[in-house]
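Note that this is a predicted model, so its numbers are computed, not measured. The chain is numbered in sequence order, starting from 1.
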Amino acid sequence: MTKVVAFMSMSLDGYVADLEDGVDEVFDWYFAGDVDVPTFNPGFTFHVSEASAEHLRALMGEVGSMLTGRRTSDRADAWGGQHPFGVPAYVVTHQMPEGWPRSDSAVHFVTDGLESAVAQAKAAAGDKIVGMHGPDTIRQCLDAGLLDEIRIDLVPLLLGSGIRMFDRVENAPVTLGNPTVVEGVGVTHLSYPVLKE
């Protein structure tokens with residue numbers, strides 16, 4: 001069965017962005033090392049520690065499709081039509097943005113609901129995982145029982161305010177399994193299975 005796996009960089013006090021949607025501080029670890037990890041986009045390469053490089057290479061090898069919300073997609077300018085992992089991306093939205101759909105793009109905007117977007121992303125992923133970005137879409141999947149795993153890249157930073165990773169979870173408490181832990185430089189990679197009844 002294809003798993004749906006959320007992954008986000010997060011500050012120690014639970015924020016994924018500042019109040020203006022800025023992510024520089026929580027994303028610093030992607031560019032703080034001396035090991036290059038190229039992406040599908042030839043103009044975009046991560047520069048991380050060796051431990052984080054192994055973590056990112058494994059993740060990119062696991063992901064068969066991406067699922068995200070409109071806000072994240074808009075902030076990334078729909079990745080220019082191609083997600084950096086080189087896989088199809090599905091964006092949950094209420095309204096198709098101007099200029100879409102595009103035949104030259106692997107980014108698909110889904111207007112008929114979260115369950116449809118998850119189903120389409122799973123079909124595209126095949127025997128790989130569906131990766132997820134975006135705190136609101138992740139929360140919606142968690143509330144709907146559609147999320148199988150949460151991976152957090154925890155950075156040693158206290159933002160104090162901003163956009164929370166787990167804001168307004170409806171079905172709390174949510175029980176997670178024991179984590180796997182990878183210690184990077186400027187980041188700790190945590191992976192928790194979502195335990196389902």
Side-chain angles (χ1 to χ4, degrees), residues 3-41 44-69 71-72 75-76 79 83-87 128-143 146-169 172-196:
K3 291 199 303 185
V4 179
V5 178
F7 51 91
M8 293 284 291
S9 290
M10 184 180 81
S11 68
L12 186 59
D13 54 348
Y15 296 98
V16 297
D18 64 26
L19 290 171
E20 283 77 43
D21 271 345
V23 296
D24 289 350
E25 294 94 345
V26 293
F27 280 10
D28 275 350
W29 70 271
Y30 279 110
F31 307 100
D34 55 5
V35 180
D36 291 350
V37 180
T39 68
F40 182 80
N41 179 342
F44 189 78
T45 298
F46 299 121
H47 308 285
V48 295
S49 68
E50 183 57 49
S52 291
E54 288 181 26
H55 169 77
L56 284 173
R57 288 184 196 113
L59 178 63
M60 287 191 282
E62 283 182 278
V63 173
S65 68
M66 291 298 302
L67 178 64
T68 189
R71 179 177 177 168
T72 300
R75 291 286 299 154
W79 306 281
H83 192 276
F85 282 18
V87 297
K128 295 189 172 188
I129 67 171
V130 174
M132 285 193 68
H133 295 311
D136 191 51
T137 306
I138 290 168
R139 180 196 52 79
Q140 290 178 50
C141 276
L142 188 60
D143 288 340
L146 299 172
L147 192 62
D148 299 299
E149 192 174 325
I150 298 171
R151 298 183 188 180
I152 298 294
D153 300 311
L154 188 64
V155 296
L157 169 73
L158 301 173
L159 276 179
S161 64
I163 298 168
R164 286 197 178 276
M165 177 64 189
F166 299 108
D167 204 15
R168 302 179 320 273
V169 174
V174 176
T175 304
L176 307 176
N178 292 327
T180 58
V181 180
V182 175
E183 294 182 22
V185 174
V187 63
T188 303
H189 307 289
L190 304 167
S191 177
Y192 296 89
V194 177
L195 301 182
K196 299 181 180 181

Margin query: side-chain contact (heavy atoms from CB on, under 4.5 Å) for Leu67 and Val130? Distances and angles first, verdict last.
Written below: CA-CA 7 Å; Leu67 178 64; Val130 174; 3.9 Å; yes
Checklist line | Short side-chain to backbone donor-acceptor contact, Asp36 and His47, under 3.5 Å | finding: no
Item checked: From OG (Ser11) to CG (Leu154), nearest 0.5 Å -> 8.0 Å
Note to self: Please determine whether a side-chain nitrogen of the Lys or Arg among Arg168 and Asp143 lies less than 4.0 Å from a carboxylate oxygen of the Asp or Glu.
What the structure shows: no
Next item on the list: Check side chain to side chain contact (heavy atoms under 4.5 Å, CB included) between Val5 and all other residues, then give those that pass, not counting sequence neighbours.
Entry: Lys3, Ile129, Glu149, Arg151
Notebook entry, point to check: Yes or no on side-chain contact (heavy atoms from CB on, under 4.5 Å) for Leu157 and Val26, after CA distance, side-chain angles and deciding distance?
Noted result: CA-CA 8 Å; Leu157 169 73; Val26 293; 4.0 Å; yes
Notebook entry, point to check: If you measure from CE on Met132 to CG on Leu142, what distance do you get to the nearest 0.5 Å?
Noted result: 9.5 Å
Margin query: Treating Thr188 as the side-chain partner and Glu183 as the backbone partner, does any N or O pair qualify as donor plus acceptor under 3.5 Å?
Written below: no
Next item on the list: Go through the steps to decide whether Phe85 and Leu59 satisfy the test side-chain contact (heavy atoms from CB on, under 4.5 Å), and finish with yes or no.
Entry: CA-CA 9 Å; Phe85 282 18; Leu59 178 63; 4.2 Å; yes
Margin query: Classify the ring geometry of Phe27 against Tyr30: parallel below 30°, tilted from 30° to 60°, perpendicular beyond 60°.
Written below: perpendicular
Item checked: Under the side chain to side chain contact (heavy atoms under 4.5 Å, CB included) test, residues paired with Ser52 that sit two or more places apart -> Trp29, Val48, Ser49, Val187, His189
Notebook entry, point to check: At their closest point, which heavy atom of Ala51 faces which heavy atom of Gly184, and how far apart are they?
Noted result: CB-CA, 4.3 Å
Notebook entry, point to check: So, for Pro84 and Trp79, which heavy atoms are closest and what is the spacing to 0.1 Å?
Noted result: CD-CD1, 3.5 Å
Notebook entry, point to check: Only one of Asp34, Val35, Val185 forms a side chain to side chain contact (heavy atoms under 4.5 Å, CB included) with Glu50, so which one is it?
Noted result: Val35
Checklist line | Shortest non-hydrogen separation from Leu56 to Val37 and the atoms involved | finding: CB-CG1, 4.3 Å
Checklist line | Side-chain heavy atoms of Leu159 within contact of Met10, under 4.5 Å | finding: no
Note to self: Quick one, His133 with Phe7, criterion ring-ring contact (aromatic ring centres under 6.0 Å, His included). Give me CA distance, side-chain angles, the key distance, then yes/no.
What the structure shows: CA-CA 6 Å; His133 295 311; Phe7 51 91; 5.1 Å; yes
Next item on the list: Please report the shortest heavy-atom distance between Pro179 and Tyr192, naming the atom on each side.
Entry: CB-CE2, 3.4 Å
Next item on the list: Please tell me if the side chains of Val16 and Arg164 come closer than 4.5 Å, counting only heavy atoms from C-beta onward.
Entry: no
Notebook entry, point to check: Backbone N or O of Pro38 within a donor-acceptor pair of the Thr45 side chain at under 3.5 Å?
Noted result: no
Margin query: Test side-chain hydrogen bond (donor to acceptor under 3.5 Å, both in side chains) on Thr39 and Asn41; report intermediate values, then the result.
Written below: CA-CA 5 Å; Thr39 68; Asn41 179 342; 5.5 Å; no
Check: Got a donor-acceptor contact below 3.5 angstrom from the Lys128 side chain to the Gly61 backbone?
Finding: yes
Checklist line | Pair Val155-Leu12, side-chain contact (heavy atoms from CB on, under 4.5 Å): steps then yes or no | finding: CA-CA 6 Å; Val155 296; Leu12 186 59; over 6 Å; no
Notebook entry, point to check: Less than 4.5 Å apart, any side-chain heavy atom of Arg71 and any of Thr137?
Noted result: no
Item checked: Residue among Val23, Ile138, Thr72 satisfying side chain to side chain contact (heavy atoms under 4.5 Å, CB included) with Met8 -> Ile138
